[in-house]
There are 2 protein chains.
Amino acid sequence: MSSGVKAELWSEDELIQKLDQLKLVSERLDVAPNVREDWTRKAQQRANEYLASLPDRKVLSGNDEAETETEEAVRSVLPIKEEPVSFDAALESFCTSVGDHMLMREGHPGYFAYVPGNSLYPAAIGDFLAAAFNPYALVDYACPAAVQMQHSLIRWVARLFGYPETCAGNLTSGGTGANLIAMATARDAKKLKAKDYHRCVIYMSELTHDGIAKVLHTIGMGEAVIRKIPVTERFEMDAEKLEEAIEIDKKEDLIPFVIAATAGTTDVGSVDPVAELADVAERHGVWLHVDACYGGFFVLCDSVKHLFKGVERADSFTCDPHKGLFVAFGTGIVMVRYWKHLLSSNRRALASYLQDRHTCAGQLNPEDLTFEQSTHFRAVRVWLPLQVFGVGTFRAALQEKVYLSRYLYHKLKAVPGLAVLEPQLSIVLFRYEDVPAGQHARDVTEFNLRLLGEVCRDGRVFIASTTVLGKVYLRACVLAFRTHREHVDTLVSALRNGLKQLLD
Amino acid sequence: MSSGVKAELWSEDELIQKLDQLKLVSERLDVAPNVREDWTRKAQQRANEYLASLPDRKVLSGNDEAETETEEAVRSVLPIKEEPVSFDAALESFCTSVGDHMLMREGHPGYFAYVPGNSLYPAAIGDFLAAAFNPYALVDYACPAAVQMQHSLIRWVARLFGYPETCAGNLTSGGTGANLIAMATARDAKKLKAKDYHRCVIYMSELTHDGIAKVLHTIGMGEAVIRKIPVTERFEMDAEKLEEAIEIDKKEDLIPFVIAATAGTTDVGSVDPVAELADVAERHGVWLHVDACYGGFFVLCDSVKHLFKGVERADSFTCDPHKGLFVAFGTGIVMVRYWKHLLSSNRRALASYLQDRHTCAGQLNPEDLTFEQSTHFRAVRVWLPLQVFGVGTFRAALQEKVYLSRYLYHKLKAVPGLAVLEPQLSIVLFRYEDVPAGQHARDVTEFNLRLLGEVCRDGRVFIASTTVLGKVYLRACVLAFRTHREHVDTLVSALRNGLKQLLD
């Protein structure tokens, strides 16, 4: 092969000279133990300062002043340059630009919008350990204990839901990656041909997360038919209407492919009747997938675990530790009922350069159970928090969130003029409906959006709005682990103040 | 909606009592500042011990003793239980099971197998900071500086390759995720219909990474035609033969879809003639993708950057910071020439519960440029090392790896009986061919695999074998940042010893 390195460098002596010079520079990458210690201590201090200040900061910034400050923050991100800067300068740039200007503070106790992100501290140490040791965690013959740690998590999740021993699962970067693997596995298990993709039907409810449709597109099935099944008055997919739709589709020579159930929905937290859907799926040979990304870990709570009955019969399901287990963004889980489906959808032929590798008998390697190859060692960021807190602490925290949403429901019901939907998991929807006579529906919507603005204005709490079956609601999702009763009280108080502002 | 929480809990007083009890448990998740400090210091100490010991440890364990120890290590991974364990116990479990029993030590200076993983220390701090602060880094209105940090990285990569200002890119979990996004974008930009997937042709060389075929399968195009174009004697895709194949396919009513070029190949490190392939792609309206996951960041080196000429004309390319920038596993990059293609393939309709969100004018949000939604804040694990070392240090380290492979080539050429292929980037292939007269090709293969065993046996160096165009070679890939001349000398010495063992 040719090479562009100048010919005069090819003599061994010249190469050695060049290499000795380059080593002096390149070995700077291998920082000394005391430097590692110093850098880590400083990063820890800044994290400590940030986390200690979190409850006193605004959860949401949005005014003009914040906008100017934000522009400055963006400018203060150090650009990438040839010459190094000091660690202190880089850390300062990170803390002042990113840390001081998170317009939405994930992990804040007043974060009730969307699905709150969290920042459980041992997850951060887990990520640190994963990167510092950097095992290749996807095959057991590279690091068997890393694979074991992942299997341990997967088995624990399987048992939580009563999933059979035939199952397999994997860790992903988040819920969408998990849903992607599940949908691709369904596609392959059903041995679908591309020429038939446009005849395949996926059944969702009106409240199914749009990420499922996106995933369908990603796996090449963008032309598949998306059939939105109506929900009952409890906002759950109507199993009878589902079955009717499947029967009609079969007569019309379509291919009922996947029922995408949700437990619970991002909009209202409703849990589809999975056991009934499983009956329908079995009768018609349709793959049942349950997206439990938001709600899945509530299965830990005695008071609501019955809602997840039937998930053990699903062909696949997904749940997100970075939601229900409060770890930082970056980890979803996909579970498939029969490991052979997951394996045959994802295992690839062995590359030549890997021909020496062997596989330990009877062990499934994560690498063969995902579309990915090299990834971050994700298990430790979930395993470490589960160890140091124990499952019981998560159980209590999740139960607290369920009860907090009931508490919020009670408090809001006591506010005159407010219509409130009874929560199933930890999401409460409400809207002010007591508009003066003669006003139109549009005015109700407008009033509630103004109310939203009032509630969020002072920055102590952050809620969002949503539209469910054509009606605009204000929406509070309780899932920050730092959220306790006093923060729900703050939300109620902000709401009462907002109403006062608008009505007086 | 119904709920399973017992009715007697529904009175507000009872709820409050329950909530106050649960808070006492759940607030344990919010660990105190001094505890965070203590835990982090201990994790840092263990990381320091591991990293300090790394060069003296074996890079590869494989004997019977190791196997028994490994079984013990697997058993010592703490299972997930209801009750917590101390942080010390969890950390100890991690260090003794994972840390002490990495059968293949990524980041070890003697790691010459596959593509070496690395564990640049500031990347670990970057992951720690990302998880501790946990910004939602995928939309600018949640944390503009986090998005800016990512844009800064993407722009830097674009400029390295001379990519036009029209481009957009994203961070992924690794090379396969990056290639997946590129292929799905190509599929969508070409407006392919599923009924035609089986007529679509993707052109690879015989040395293209099999991950590309896997990605095709994942994006629903498993029935597409994979056309393997022969390589030249330099192991580069033959542009003339590619054009012939495209012309034939067009006549046969097939749809030439993607040319998947590689810079450089995982097997031999050869760089396809991208500029010539770009000419072919332009003439025939075929999407040109360049997989530069392994080799891309060698563009930083004066001596080999000319090999990447033409990448600036590709429709998409990928490169992996967790390879060429030495950060721990978990970060790939996808780049697409026209941002509109990346956006239209990935942006989804806005969900109801996100209806309040607004988008800053003119800014592309990472969330709209990937199949993922919530992910780990990946930018900081790359940005921080680039800051504290400066691009110049990476440039020197990569140049050192290129020269080390030349140095290894020289050293191996001096070994009697050894045939050595001249490296383009940092991979050297060699095989012992001086078998006694009358022996068969099979004997050469067997001899070389025995030689591989001898070289790896003592655990100071780790190389692998591969098969290129039907011939088995031993393969050394130089890409651990800790690898310097003395480690290449160790490899050569281990090889000479191995030959002595086998031949004497």
Where does [X] contact chain B at under 4.5 Å (heavy atoms): side chain, backbone, both or neither?
| X | result |
| --- | --- |
| Trp156(A) | side chain |
| Gln44(A) | both |
| His484(A) | side chain |
| Arg41(A) | neither |
| Arg28(A) | both |
| Leu384(A) | side chain |

Original post:
Between Ile219(B) and chain A, which part of the residue has a heavy atom less than 4.5 Å away: side chain, backbone, both or neither?
Top reply: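 When you check distances to chain A, atoms from both the backbone and side chain of Ile219(B) fall under 4.5 Å.
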Nearest 0.5 Å, please: how far is [atom2] in [Y] from [atom1] in [X]?
| X | Y | atom1 | atom2 | answer |
| --- | --- | --- | --- | --- |
| His410(B) | Ile16(A) | NE2 | CD1 | 10.0 Å |
| Arg406(B) | Leu15(A) | CZ | CG | 7.5 Å |
| Glu83(A) | Thr393(B) | CD | OG1 | 8.0 Å |

Which atom pair, heavy atoms only, marks the closest approach of [X] to [Y]?
| X | Y | value |
| --- | --- | --- |
| Ile125(B) | Ala43(A) | CG2-CB, 3.6 Å |
| Glu37(B) | Asn48(A) | CB-ND2, 4.2 Å |
| Asp127(B) | Ala131(A) | OD2-CB, 3.7 Å |
| Ala146(B) | Val98(A) | N-CG2, 4.0 Å |
| Ala132(B) | Ala124(A) | N-CB, 3.8 Å |
| Ser26(A) | Ala396(B) | CB-C, 4.5 Å |

Among [options], single out the residue with the greatest number of heavy-atom pairs under 4.5 Å to chain B.
| options | result |
| --- | --- |
| Asp20(A), Val468(A), Leu29(A), Val77(A) | Leu29(A) |
| Gln148(A), Lys214(A), Glu106(A), His376(A) | Lys214(A) |
| Ser97(A), Ser374(A), Ala184(A), Ser152(A) | Ser374(A) |
| Pro144(A), Gly174(A), Gly175(A) | Pro144(A) |
| Leu386(A), Leu129(A), Val215(A) | Leu129(A) |
| Thr375(A), Thr40(A), Ile80(A), Thr176(A) | Ile80(A) |

**OP:** Compare all side-chain heavy atoms of Leu404(A) with those of Leu22(B) and state whether any distance is below 4.5 angstrom.
**Re:**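 No; the side chains remain at least 4.5 Å from each other.
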Subject >> Candidate pair Phe94(B) and Phe133(A), rule ring-ring contact (aromatic ring centres under 6.0 Å, His included), full reasoning >> reply: CA-CA 10 Å; Phe94(B) 175 86; Phe133(A) 286 75; 5.1 Å; yes
Got a donor-acceptor contact below 3.5 angstrom from the [X] side chain to the [Y] backbone?
| X | Y | result |
| --- | --- | --- |
| Glu223(B) | Ala194(A) | yes |
| Asp30(B) | Phe481(A) | no |
| Gln387(A) | Pro79(B) | yes |
| Trp383(B) | Ala90(A) | no |

Among [options], single out the residue with the greatest number of heavy-atom pairs under 4.5 Å to chain A.
| options | answer |
| --- | --- |
| Val391(B), Asn134(B), Asn346(B) | Asn134(B) |
| Pro135(B), Ala113(B), Gly211(B) | Pro135(B) |
| Phe326(B), Trp39(B), Phe394(B), Phe377(B) | Trp39(B) |
| Lys195(B), Gln45(B), Lys193(B), Lys305(B) | Lys193(B) |
| Pro84(B), Gly117(B), Ala52(B), Ala328(B) | Pro84(B) |
| Gly330(B), Ala73(B), Gly99(B) | Gly330(B) |

**OP:** Could you walk me through whether Met102(A) and Tyr136(B) pass side-chain contact (heavy atoms from CB on, under 4.5 Å), step by step?
**Re:** CA-CA 8 Å; Met102(A) 287 161 63; Tyr136(B) 189 79; over 6 Å; no
Original post:
Stepwise, does the side-chain contact (heavy atoms from CB on, under 4.5 Å) test hold for Gln373(A) with His209(B)?
Top reply: CA-CA 12 Å; Gln373(A) 191 168 11; His209(B) 195 284; 3.4 Å; yes
Subject >> Parallel, tilted or perpendicular: ring planes of Tyr197(A) versus Tyr197(B), cut at 30 and 60 degrees >> reply: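 The rings of Tyr197(A) and Tyr197(B) stand perpendicular, inter-plane angle above 60°.
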Original post:
Quick check, are the ring centers of Phe87(B) and Tyr121(A) under 6.0 angstrom apart?
Top reply: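 Not close enough - the centres of the two rings lie 6.0 Å or further apart.
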**OP:** Might you work through the side-chain contact (heavy atoms from CB on, under 4.5 Å) test for Val31(B) and Phe389(A), ending with a clear yes or no?
**Re:** CA-CA 10 Å; Val31(B) 292; Phe389(A) 299 127; 3.7 Å; yes
Original post:
Is it true that Glu82(A) and Arg395(B) have a side-chain N and a carboxylate O under 4.0 angstrom from each other?
Top reply: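 Yes, Glu82(A) and Arg395(B) are salt-bridged.
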